[in-house]
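Quick caveat: nothing in here was measured; it's all calculated off a predicted structure. The chains referred to below are lettered A, B, ... by the order of the sequence lines, with proteins before strands, and numbering in each begins at 1.
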There are 2 protein chains.
Amino acid sequence: MQNDDQQKVLDCPVRSVLADISGKWNTLIIIMLAERPYRFGQLRRHIPDISQRMLTQTLRNLQRCGYVNREVFPTKPPSVEYSLTDLGRSISEPLQALIQWAELHSDAVKTARKNYDMVENRGGGNIR
Amino acid sequence: MQNDDQQKVLDCPVRSVLADISGKWNTLIIIMLAERPYRFGQLRRHIPDISQRMLTQTLRNLQRCGYVNREVFPTKPPSVEYSLTDLGRSISEPLQALIQWAELHSDAVKTARKNYDMVENRGGGNIR
DNA sequence: CTGAATCCTAAAAGATACTG
DNA sequence: CAGTATCTTTTAGGATTCAG
């Protein structure tokens with residue numbers, strides 16, 4: 001009975017993990033930290049369009065879920081370094097695969113959208 | 001210069017694809033359709049907690065981006081079958097990998113969250 | 001059966017100002 | 001430098017009603 005596969009998808013644990021990579025910034029930050037550790041300000045500079053609020057919030061949540069490590073260096077002024085945990089490095093692999101897919105196929109998606117928007121314009125437009 | 005990798009991530013095309021798999025239902029539906037085509041009502045029944053509005057909306061968007069095929073059978077009453085396009089099948093592979101990761105590690109994430117919530121309870125609790 | 005339309009609530013995200 | 005605290009805007013999503 002192939003129904004099992006579907007049930008897995010409906011399983012809450014899976015969805016809760018999916019929720020982690022949802023959100024505008026989660027995946028992006030995991031991918032960045034997969035390359036090397038970053039300090040707070042460095043992340044901000046490399047992601048120009050993130051607010052410090054969202055950066056803090058996203059990092060906190062990733063830390064909470066065990067993906068990210070937060071290390072405070074008691075310098076003056078203080079600096080905080082973020083890096084991936086083992087779990088974070090682990091999930092970064094399927095995420096990288098997804099990014100690669102996106103790089104390869106984003107054009108196909110773009111033209112698909114364009115075609116759809118063009119054809120589907122009966123109702124607003126006038127094809128007669 | 002390893003900066004290139006980061007730029008790729010910041011690239012808008014990639015983010016736009018990532019946005020497609022964000023959202024509460026997109027991934028779920030792609031994964032389901034990866035198994036076999038479904039009719040509208042079948043999808044509803046297999047995903048008990050989706051509203052028909054979100055189901056319609058999600059399917060429309062997936063169709064628009066080229067992941068999903070929509071075929072209308074002029075039966076009485078009409079029935080509509082949704083299936084993956086080649087592009088949809090293609091993206092379903094990295095998505096499946098992600099699902100598998102989630103199945104394998106959701107427990108680790110769960111306990112990480114629990115630990116964090118426990119330790120971080122100074123401020124609300126009283127560890128003194 | 002499929003799905004469009006409207007209304008409404010909740011959650012995500014942005015802007016800004018302030019602190020150790 | 002690395003945050004926290006508010007406030008406001010925007011978007012996602014749910015409930016309900018109606019239609020081909």
Side-chain angles (χ1 to χ4, degrees), chain A residues 10 12 15-16 18-29 32-33 37-65 68-83 116-117 120-124, chain B residues 10 12 15-16 18-30 32-33 37-65 68-83 116 120-124:
Chain A
L10 292 171
C12 277
R15 285 209 207 167
S16 82
L18 254 8
D20 291 339
I21 65 126
S22 261
K24 203 169 175 181
W25 308 110
N26 291 305
T27 302
L28 179 56
I29 289 179
M32 290 203 57
L33 293 180
Y38 277 88
R39 300 234 316 274
F40 188 88
Q42 295 177 316
L43 283 171
R44 270 201 81 177
R45 276 188 296 279
H46 279 85
I47 312 175
D49 54 340
I50 194 173
S51 63
Q52 91 289 49
R53 182 182 177 273
M54 287 316 296
L55 183 52
T56 304
Q57 200 174 102
T58 304
L59 287 169
R60 277 287 178 285
N61 184 58
L62 292 177
Q63 183 193 357
R64 174 171 180 264
C65 299
V68 161
N69 219 321
R70 177 177 183 269
E71 193 172 2
V72 183
F73 296 97
T75 56
K76 197 167 39 162
S79 67
V80 180
E81 188 179 274
Y82 292 91
S83 57
Y116 183 96
D117 292 344
E120 224 59 14
N121 266 356
R122 36 193 128 176
Chain B
L10 292 172
C12 277
R15 283 210 209 166
S16 82
L18 252 8
D20 291 341
I21 65 126
S22 261
K24 204 168 172 182
W25 308 110
N26 291 305
T27 302
L28 180 55
I29 288 178
I30 290 177
M32 289 201 58
L33 293 181
Y38 277 89
R39 298 233 320 273
F40 187 87
Q42 294 177 317
L43 283 171
R44 271 200 81 178
R45 277 188 294 280
H46 279 87
I47 311 175
D49 53 340
I50 195 174
S51 64
Q52 92 289 49
R53 182 182 178 271
M54 287 317 297
L55 183 52
T56 305
Q57 200 174 101
T58 304
L59 286 169
R60 276 289 177 284
N61 184 57
L62 291 176
Q63 183 194 357
R64 173 171 180 263
C65 298
V68 161
N69 220 321
R70 176 176 183 269
E71 193 172 3
V72 183
F73 296 96
T75 55
K76 195 167 38 161
S79 67
V80 181
E81 188 180 272
Y82 293 92
S83 57
Y116 183 96
E120 224 59 15
N121 266 357
R122 34 192 131 180

B/Asp49 CG to D/dG14 C1', in whole Å, measures 11 Å
* Let me know the distance between NZ of A/Lys24 and P of D/dA12, rounded to the nearest Å. =>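 The answer, rounded to whole Å, is 10 Å.
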inquiry  = Any non-hydrogen side-chain atom of B/Leu33 less than 4.5 Å from a side-chain atom of B/Asn69?
reply    = no
Going by heavy atoms in the side chains, are B/Val80 and B/Leu59 under 4.5 Å from each other?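 They are not in side-chain contact.
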Please list, for nucleotides 3-9 of chain D, all pairs of protein and nucleotide N/O atoms separated by less than 3.5 Å.
from: D/dG3; atom 1: OP1; to: A/Arg60; atom 2: NH2; distance (Å): 3.4
from: D/dG3; atom 1: OP1; to: A/Arg70; atom 2: NE; distance (Å): 3.3
from: D/dG3; atom 1: OP1; to: A/Arg70; atom 2: NH2; distance (Å): 2.4
from: D/dG3; atom 1: OP2; to: A/Tyr82; atom 2: OH; distance (Å): 2.4
from: D/dT4; atom 1: OP1; to: A/Arg60; atom 2: NH2; distance (Å): 3.4
from: D/dT6; atom 1: O4; to: A/Arg53; atom 2: NE; distance (Å): 3.3

Taking only residues two or more places apart in sequence or in another chain, which ones pass side-chain hydrogen bond (donor to acceptor under 3.5 Å, both in side chains) with A/Arg70?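 So A/Arg70 forms a side-chain hydrogen bond (donor to acceptor under 3.5 Å, both in side chains) with A/Tyr82.
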For the student: nearest non-hydrogen atoms of B/Arg39 and B/Ser79, plus distance |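 Here B/Arg39 and B/Ser79 meet closest at NE-CB, 3.2 Å.
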Its 5'-most and 3'-most nucleotides having an atom under 4.0 Å from a non-hydrogen atom of chain B, DNA chain C is contacted over C/dC1 to C/dT6
### Message
Report for the helix from C/dC1-D/dG20 to C/dG20-D/dC1: angle between first-end and last-end helix axes, five pairs each, rounded to 10 degrees.
### Response
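The end-segment axes of the helix from C/dC1-D/dG20 to C/dG20-D/dC1 are tilted 50° relative to each other.
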Problem set entry | Qualifying side chain to side chain donor-acceptor pair (under 3.5 Å) pairs, either residue in residues 55-64 of chain A, two or more places apart |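 For residues 55-64 of chain A, and leaving out neighbouring residues, the side chain to side chain donor-acceptor pair (under 3.5 Å) pairs sorted by first residue read A/Arg64-B/Asp117.
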Could you list the donor-acceptor pairs under 3.5 angstrom formed by side chains in residues 19-26 of chain A, with sequence neighbours left out?
from: A/Asp20; atom 1: OD1; to: B/Arg113; atom 2: NH1; distance (Å): 3.3
from: A/Asp20; atom 1: OD2; to: A/Tyr67; atom 2: OH; distance (Å): 3.0
from: A/Asn26; atom 1: ND2; to: A/Asp20; atom 2: O; distance (Å): 2.9
from: A/Asn26; atom 1: ND2; to: A/Ser22; atom 2: O; distance (Å): 2.6

*Hey, which sits more toward the 5' end of DNA chain C by its nearest nucleotide, B/Pro77 or A/Met54?*
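By nearest-heavy-atom nucleotide position, the 5'-most residue is B/Pro77.
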Heavy-atom nearest nucleotide on DNA chain C taken for B/Arg44 and for A/Trp25; more 5' hit belongs to B/Arg44
Counterpart residues, side-chain contact (heavy atoms from CB on, under 4.5 Å), relative to B/Pro78 (two or more places apart):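 Result, side-chain contact (heavy atoms from CB on, under 4.5 Å) vs B/Pro78: none returned.
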Going from [atom1] on [X] to [atom2] on [Y], what distance comes out if it is rounded to the nearest 0.5 angstrom?
X: B/Leu43; Y: B/Leu55; atom1: CG; atom2: CG; result: 5.5 Å
X: A/Asp49; Y: B/Arg15; atom1: CG; atom2: CZ; result: 4.5 Å
X: B/Ile29; Y: B/Leu62; atom1: CD1; atom2: CG; result: 6.5 Å

